[in-house]
Amino acid sequence: MKYEFTNIEKKWQKRWMDEKPFAAVTGDTTKPKFFGLVEFPYPSGNGLHVGHARPYTAMDVVARKKRMDGYNVLFPMGYDAFGLPTENYAIKNHIHPAKVTEDNIVNFRNQLQMLGYSFDWDREINTTDPGYYKWTQWIFLQLYKNGLAYKTSMPVNWCTSCKCVLANEEVVDGGCERCGSPVIRKEKSQWMLRITKYAQRLINDLDEVDFIERVKTQQKNWIGRSTGAEVTFKSTAGDDIVVFTTRPDTLFGATYMVLSPEHEFVKKWMEAGLLKNADDVKAYQAAAAAKSDLERTELNKEKTGVCLDGVKGINPVNGKEIPIFISDYVLSTYGTGAIMAVPAHDERDWEFAKKFGCEIIEVVAGGENVQEAAFTAKDDTGIMVNSEHLNGLTVKEAIPVITKWLEEKGIGEAKVNYKLRDWVFSRQRYWGEPIPMIHCEKCGWQPLSEDQLPLLLPEVDSYEPTDDGESPISKITDWVNTTCPCCGGAAKRETDTMPQWAGSSWYFLRYMDAHNDSALASKEALDYWSPVDWYNGGMEHTTLHLLYSRFWHKFLYDIGVVPTKEPYAKRTSHGMILGEGGEKMSKSRGNVINPNDIVDEFGADTMRTYIMFIGDFEKAAAWSPNAVKGCKRFLDRVWNLCEKAEGGDEYSAVNESAIHKTIKKVSEDIEAMKFNTAIAALMALVNDFTANGCCRGDIRALLLMLSPFAPHMVEELWEMNGFAAETGKMACQQAWPVYDESKTVDATVEMAVQVLGKLRGTVMVPFDSEEAAVVEAALAVEKVAKAIEGKQIVKTILVKNKLVNLIVK
RNA sequence: GCCGGUGUGGUGGAAUGGUAGACACAGGAGACUUAAAAUCUCCAGAUAGCAAUAUCGUACCGGUUCAAGCCCGGUCACCGGCACCA
């Protein structure tokens with residue numbers, strides 16, 4: 001019989017749908033649970049990409065193996081369907097985004113099913129479903145009620161093309177993450193989430209989870225913790241200027257101060273008429289404000305600034321009057337928006353001081369002449385000088401001393417700062433969750449009563465974003481106008497919607513109990529399934545989705561909704577699939593591989609096997625059409641081999657050892673995400689079977705090990721060979737084969753023989769041979785004998801069953 | 001600049017400090033075939049040699065070790081992240 005993959009795949013996909021062997025059972029205490037999670041897709045009009053197939057296939061392989069290992073497995077799928085591309089498509093084609101979403105989901109679902117993933121389809125979710133976003137809105141209300149959501153006017157990142165604000169995380173190289181258009185600053189009133197309150201816990205709890213190291217580092221860097229001190233400098237205007245510094249030890253070298261152009265005191269002093277060069281200052285402020293983020297970073301080569309004429313700062317450690325500048329190299333959003341400048345020991349300050357002729361005083365000795373270059377060493381290499389009571393100490397020693405001194409004098413205190421900023425949570429777009437808040441002139445912002453949830457998105461005629469930066473919903477006056485939940489008077493609804501990251505910040509919880517109307521998930525389901533045991537996804541989500549969802553989860557933990565501090569016990573990440581030449585796949589390059597084409601030509605099992613075989617799962621890999629053929633060839637060989645399997649339900653003697661070794665290798669490799677070598681081991685086993693012949697028992701083991709990778713073909717062969725009839729179950733419902741360690745070793749082993757570390761030959765010896773026996777055998781090898789001719793063996797080194805190294809003189 | 005990561009045949013890639021190149025792809029030779037495709041068998045790092053074999057080989061320089069692709073120090077290149085964060 002021929003291997004007709006198309007019919008076979010359809011047949012088994014239908015049986016899986018009908019018989020539901022992959023259903024997860026909440027509360028099953030007879031088995032350990034395993035929750036394997038992959039990032040749900042944004043259902044774009046382009047359909048599923050091979051980039052999706054890699055992580056999905058990988059976790060499917062893991063999930064299938066875990067079921068065979070006896071776990072109660074939750075492996076779900078859904079759609080993260082709110083977002084701009086759908087909305088833009090809707091605008092362009094005059095179709096309701098909900099309709100676009102629905103069509104795209106149908107397409108995605110078909111593609112996912114076509115690849116034979118073992119999802120529990122009864123738990124499918126969709127973030128745009130009111131039954132789902134009801135709970136997204138509910139979480140927002142809890143955040144609000146707990147003081148973690150607030151509305152404030154602030155300069156925000158504004159995408160000039162999307163006409164929408166962006167979170168800091170969504171700005172890439174000064175442009176919009178999605179469309180690349182320039183991002184400018186715009187003063188707008190926005191809903192914010194206080195993620196900064198969780199900064200320290202988001203760092204600390206990384207120690208408790210099994211995340212790959214680069215994810216941890218990247219999150220830590222993003223949160224950007226730095227320790228130092230806040231120090232108060234008096235000014236001649238009478239105001240106390242607080243600065244943050246990581247180097248309080250260099251305080252005696254602070255020869256000027258710099259404020260950000262937006263600093264409140266600049267405005268204040270200007271209004272008080274204290275600044276003699278007010279026009280210059282104003283001009284500088286205006287110029288800084290007009291710069292986009294992109295320009296501000298591009299222009300960072302040359303420092304600019306204006307010295308305030310009329311106000312001076314006073315260095316609290318020596319009482320010296322020092323000049324105050326404004327410059328845009330000081331950011332209003334970090335620290336206190338003001339710095340003390342120590343040009344002798346900071347590159348930026350040094351550069352600025354040189355340009356503006358400020359005094360440079362060395363306070364840490366050990367570098368070159370500080371008039372020539374800043375000396376920035378922060379360790380024991382520098383010794384304090386010109387610093388009164390700090391003199392003679394190393395930098396490391398001086399920091400705690402000066403910090404304590406500042407605290408005693410009441411002019412400063414130890415302080416920790418983070419680069420992380422609060423999460424800008426509103427978007428002026430249509431296709432998102434409405435923010436369930438009502439504004440009343442009398443009562444201010446009021447949360448919508450929870451029994452009013454979900455607050456449905458109203459129907460609008462046009463989804464076009466407005467030029468004034470308001471959401472399209474703002475034009476629906478009969479939706480906007482409502483009554484105040486507090487006083488009952490006339491009030492208006494919030495018209496901004498939530499960012500795309502909202503729905504994905506808690507979706508894994510919904511899988512645990514996808515149809516619950518009275519809670520985001522039942523306590524029973526949450527207790528049983530939490531946490532996610534293994535979450536695999538892209539590195540690009542490390543500082544966005546992954547951080548946001550950890551934040552929400554910690555909050556839900558704090559209010560007693562979820563049972564664990566951290567949502568994900570383990571996080572891994574896959575490499576990108578590149579086009580044929582190793583370039584990124586893109587429409588413009590014309591190198592995009594459509595999974596449908598591969599499935600049509602070679603079958604889903606080949607697609608799955610190839611995408612797992614393509615290379616190291618964690619690294620980027622280039623697509624190769626020829627290598628796909630190789631995997632098809634492999635499956636064909638398995639088919640031909642298994643079709644004619646006969647006799648012997650035990651392992652055949654000739655293959656037994658190889659089978660045990662392969663079970664061990666494949667089992668370990670799947671757990672370690674080394675899918676490529678797992679498949680290589682299966683290929684090698686098939687090569688052995690081809691050479692040695694094989695019996696039914698041999699085939700049985702092969703099929704079980706291959707089943708996570710090529711499930712359709714395996715089910716068909718399982719049935720053809722009568723295993724299904726014998727067990728009454730499909731291959732995917734069988735127990736994973738076990739290996740016997742003692743049978744993974746051979747009676748005789750080949751050992752390498754080295755002379756002075758150089759390979760001179762090999763010998764076959766009984767397993768676990770002693771040194772003397774190995775050496776004797778080694779000496780019988782002609783090349784070895786030649787290599788030691790005329791010399792004496794002074795030492796031998798034996799690595800059991802591996803090699804012997806003869807040291808000669 | 002800072003933080004991660006990577007560098008191995010013609011190609012994708014294997015190698016708990018222990019026989020470098022598993023497993024594939026592409027290539028070559030052969031078998032089957034009227035022929036092609038498919039399939040099967042064999043060869044295959046480089047250099048020299050008819051060959052046995054020898055020498056050299058994991059980006060580069062050095063070190064540790066009986067033994068280094070792997071560990072240590074330095075250099076270069078590429079990829080990813082962050083970036084005037086005081």
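Keep in mind it's a predicted model, so treat the numbers as computed, not measured.
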task = If B:G73 has a Watson-Crick or G-U wobble mate with both distances under 3.5 Å, name it; if not, just say none.
result = B:C61
note = Scanning all shown strands, the Watson-Crick or wobble mate of B:C42 with both distances under 3.5 Å is B:G28
message = Does a side-chain N or O of A:T677 approach OP1 or OP2 of B:C23 to a distance below 4.0 Å, or not?
response = no
ask   = Touch check for A:N687, heavy atoms < 4.0 angstrom, all strands: base, sugar-phosphate only, or nothing?
value = sugar-phosphate
query = Between B:C79 and A:R214, is there an OP1 or OP2 to side-chain N/O distance shorter than 4.0 Å?
reply = no
query = What does A:T762 touch in the nucleic acid at a heavy-atom separation under 4.0 angstrom: a base, only the sugar-phosphate, or nothing?
reply = base
remark   = Side-chain atoms of A:Y329 come closest, of B:A15, B:C84, B:U19, to B:C84
task = Using the P atom as the reference point in each nucleotide, state the distance between B:A24 and B:G30 in Å, no decimals.
result = 23 Å
inquiry  = Starting the side chain at C-beta, find the nucleotide from B:C84, B:G81, B:U19 nearest to A:E750.
reply    = B:U19
inquiry  = If you assign each of A:I339 and A:K802 to its closest nucleotide in RNA chain B, which residue comes earlier from the 5' end?
reply    = A:K802
ask   = A:G630 near the nucleic acid: base, sugar-phosphate alone, or nothing, with a heavy-atom cut-off under 4.0 Å?
value = sugar-phosphate
inquiry  = Between B:A14 and B:C23, how far apart are the two C1' atoms, rounded to whole Å?
reply    = 7 Å
query = Does B:C40 have OP1 or OP2 sitting under 4.0 Å from an N or O in the side chain of A:R637?
reply = yes
query = Run the salt bridge (charged side-chain N to carboxylate O under 4.0 Å, His left out) check on A:K664 and A:E671 step by step: do they pass?
reply = CA-CA 11 Å; A:K664 181 178 178 169; A:E671 294 290 330; over 6 Å; no
request  = May I ask you to verify whether the side chain of A:N805 and the base of B:C66 hold a donor-acceptor pair under 3.5 Å?
outcome  = yes
task = Identify which nucleotide among B:C84, B:U19, B:U41 has an atom closest to any side-chain atom of A:A752, counting heavy atoms from C-beta outward.
result = B:U19
request  = For the pair A:K354 and A:E372, find out whether any cationic side-chain nitrogen is under 4.0 Å from an anionic carboxylate oxygen.
outcome  = no
request  = Have a look at A:K629 and say if it touches a base, only the backbone sugar-phosphate, or nothing, with a 4.0 Å heavy-atom cut-off.
outcome  = nothing
note = From CD of A:Q218 across to P of B:C2 the rounded distance in Å is 18 Å
inquiry  = From C-beta outward on A:S226, which listed nucleotide comes closest to its side chain: B:A86, B:A54, B:A24?
reply    = B:A86
request  = Please confirm whether any donor atom in the side chain of A:K220 sits under 3.5 Å from an acceptor in the base of B:C3, or the reverse.
outcome  = no
task = Indicate the ring-plane relationship of A:W639 and A:Y3, choosing parallel, tilted or perpendicular according to the 30° and 60° boundaries.
result = parallel
note = Nearest heavy-atom contact between A:S573 and A:G538 is OG-C, 3.4 Å
task = Would you indicate what A:T542 reaches in the nucleic acid, counting non-hydrogen atoms under 4.0 angstrom: base, sugar-phosphate, or nothing?
result = nothing
ask   = Should A:D688 and A:K661 count as an ion pair when the cut-off is N to O under 4.0 Å?
value = no
query = Taking the P atom of each, how far is B:U6 from B:A54, in whole Å?
reply = 36 Å
ask   = In the strands shown, is B:A15 matched to any nucleotide by a Watson-Crick or G-U wobble pair with both distances under 3.5 Å, and which?
value = none
Closest nucleotide among B:C23, B:U41, B:A26 to the A:A684 side chain = B:C23
request  = Give none if B:A48 has no partner; otherwise give the nucleotide forming a Watson-Crick or G-U wobble pair with it, both distances under 3.5 Å.
outcome  = B:U53
request  = With the side chain of A:N626 defined as its heavy atoms from C-beta on, choose the nearest nucleotide among B:A26, B:C23, B:A86.
outcome  = B:A26
inquiry  = The side chain of A:R633 is closest to which nucleotide in this list: B:A26, B:C84, B:A86?
reply    = B:A26
ask   = Which atoms form the tightest heavy-atom contact between A:V799 and A:M751, and what is the distance?
value = O-CE, 3.8 Å
note = Of the listed B:A26, B:U55, B:G18, the closest approach to the A:R760 side chain comes from B:U55
ask   = Counting any heavy atom closer than 4.0 Å, what does A:I679 reach on the DNA or RNA strands: base, sugar-phosphate only, or nothing?
value = nothing
task = Kindly point out which of B:C66, B:A22, B:A24 is positioned nearest to the side chain of A:M683?
result = B:A24
ask   = Hey, does A:N676 reach any base, or is it just sugar-phosphate, or nothing, if we go heavy atoms under 4.0 Å?
value = sugar-phosphate
message = Once you apply a heavy-atom cut-off of 4.0 Å, does A:D616 come out as touching a base, just sugar-phosphate, or nothing?
response = sugar-phosphate
message = Using a 4.0 Å heavy-atom cut-off, does A:A620 contact any base of the nucleic acid, only the sugar-phosphate backbone, or nothing at all?
response = sugar-phosphate
task = Answer with base, sugar-phosphate or nothing: what part of the nucleic acid does A:R225 contact at a heavy-atom distance below 4.0 Å?
result = nothing
ask   = With a 4.5 Å limit on heavy-atom distance, are the side chains of A:M673 and A:F675 in contact?
value = yes
query = If we take the C1' atom in both B:G9 and B:A20, what is their distance in whole Å?
reply = 11 Å
message = Over 60° means perpendicular and under 30° means parallel, so tell me whether A:Y548 and A:W423 are parallel, tilted or perpendicular.
response = parallel
query = If anything within 90° of 0 is syn and all else is anti, what is B:G80?
reply = anti
note = Applying the 3.5 Å cut-off to both distances, the Watson-Crick or G-U partner of B:C82 turns out to be B:G1
remark   = Taking a pair to mean Watson-Crick or G-U wobble geometry with both distances below 3.5 Å, B:A67 pairs with none
message = Considering every strand and a 4.0 Å limit on heavy-atom distances, what is the contact class for A:F634: base, sugar-phosphate, or nothing?
response = nothing
query = Given the C1' atoms of B:G7 and B:C70, what is the spacing between them in whole Å?
reply = 14 Å
task = For A:K800, report the nucleic acid contact type (base, sugar-phosphate, nothing); a contact means any heavy atom under 4.0 Å.
result = nothing
inquiry  = Could you tell me how far B:U64 sits from B:G12 if I compare only their C1' atoms? Round to whole Å.
reply    = 34 Å
inquiry  = I need the NZ-P distance between A:K354 and B:C84, as an integer number of Å.
reply    = 24 Å
query = Which listed nucleotide (B:C66, B:C82, B:C84) is nearest to the side chain of A:I807?
reply = B:C66
query = Taking the C1' atom of each, how far is B:G80 from B:G49, in whole Å?
reply = 48 Å
Interatomic distance at P, B:A46 relative to B:G57, whole Å = 16 Å
task = Report which part of the nucleic acid A:E347 touches: base, sugar-phosphate, or nothing (heavy-atom distance under 4.0 Å, all strands).
result = nothing
request  = Report yes if the distance between the aromatic ring centroids of A:Y418 and A:Y334 is under 6.0 Å, otherwise no.
outcome  = no
ask   = Using a cut-off of less than 4.0 Å, is there contact between a side-chain N or O of A:K758 and OP1 or OP2 of B:C56?
value = yes
inquiry  = Test salt bridge (charged side-chain N to carboxylate O under 4.0 Å, His left out) on A:R214 and A:E618; report intermediate values, then the result.
reply    = CA-CA 11 Å; A:R214 56 196 168 124; A:E618 298 200 66; 3.2 Å; yes
note = Comparing A:Y334 with A:A691, nearest RNA chain B nucleotide closer to 5' gives the residue A:A691
